[in-house]
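The structure appears below as structure tokens.
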Amino acid sequence: MKKLYLTLFGVAFVAVGLTVAADVTPTPVRVAQADPDPELFAALMTEGADIYRTVGCRLCHSANGEGGVGPALVGNEFLSRRTGVVGQIMDPDEEHGIMPAFDGLLDREIAAVATYIRNSWGNDFGIVPIATVGLFRAGMGGG
């Protein structure tokens, strides 16, 4: 009888443990990023606005980022992914068909336009470090 009691207790303990484990929902962890240098951020925003206008981004995404031929940039959650944005600028995926690759821009220019679109029109996704562009380019084999 003692053995049966201990076995039932063990089963109940394991069942309770599994129930507790099943009720635990993981909470996504957002890693805090260091505040960017305000002067660098301001410079990249200014440079990025110029590049956005002169390279032709505005032709497809509109002057206000509302989209047109290209997707809207206003409130676009894709912009939260730094490397995704850099990749889209340098090596667009096939879904965007007509978007040309802007891999001929300098790393700083890509960082600037990426920072600009990530922080304009109500977006607030932070700076794209120039080093991020360099690392992406190295991964592409572009040197």
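We use all heavy atoms of the structure for the numbers below, so side chains are in, but hydrogens, waters and symmetry mates are not.
- Every residue two or more places apart in sequence or in another chain that forms a side-chain contact (heavy atoms from CB on, under 4.5 Å) with D107 is listed here: I130, V133, R137.
- Listed by first and then second residue, the salt bridge (charged side-chain N to carboxylate O under 4.0 Å, His left out) pairs that reach into residues 42-67 are E47-R108, D50-R53, sequence neighbours excluded.
- When all heavy atoms of A114 and V128 are compared, the closest pair comes out as CB-CG2, 3.7 Å.
- Under the 4.5 Å side-chain criterion, counting only non-hydrogen atoms from C-beta, F78 is in contact with V85.
- Aromatic ring orientation, Y116 versus Y52: tilted (interplanar angle from 30° to 60°).
- Between the side chain of D91 and the backbone N or O of G87, no donor-acceptor pair lies under 3.5 Å.
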L73 and L79: side chain to side chain contact (heavy atoms under 4.5 Å, CB included), yes or no, with the steps? CA-CA 8 Å; L73 301 174; L79 299 177; 4.2 Å; yes
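- Evaluated for a side-chain contact (heavy atoms from CB on, under 4.5 Å) with E109, the options V55, L44, I51, I89 yield exactly one hit, I51.
- In terms of heavy-atom proximity, N119 sits nearest to F125 at OD1-N, 3.3 Å.
- Closest approach of P100 to P92, counting heavy atoms only: O-CG, 3.5 Å.
- Formation of a donor-acceptor pair under 3.5 Å by the S120 side chain with backbone atoms of I117 is not found in this model.
- Side-chain contact check for V74 versus N64: every heavy-atom pair is 4.5 Å or farther apart.
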Any chance you could lay out the side chain to side chain contact (heavy atoms under 4.5 Å, CB included) test for L40 and I127, step after step, and finish with the verdict? CA-CA 9 Å; L40 176 61; I127 196 169; 3.9 Å; yes
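- Each of L59 and W121 belongs to its own hydrophobic cluster when Ile, Leu, Val, Met, Phe, Trp and Tyr are linked at side-chain heavy-atom distances under 4.5 angstrom.
- Put simply, the side chain of H61 never gets that close to the backbone of G68: no donor and acceptor are under 3.5 Å apart.
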Practice problem: Kindly indicate, with the supporting measurements, whether the criterion side chain to side chain contact (heavy atoms under 4.5 Å, CB included) is fulfilled by M90 and F102. | Solution: CA-CA 5 Å; M90 295 177 70; F102 292 101; over 6 Å; no
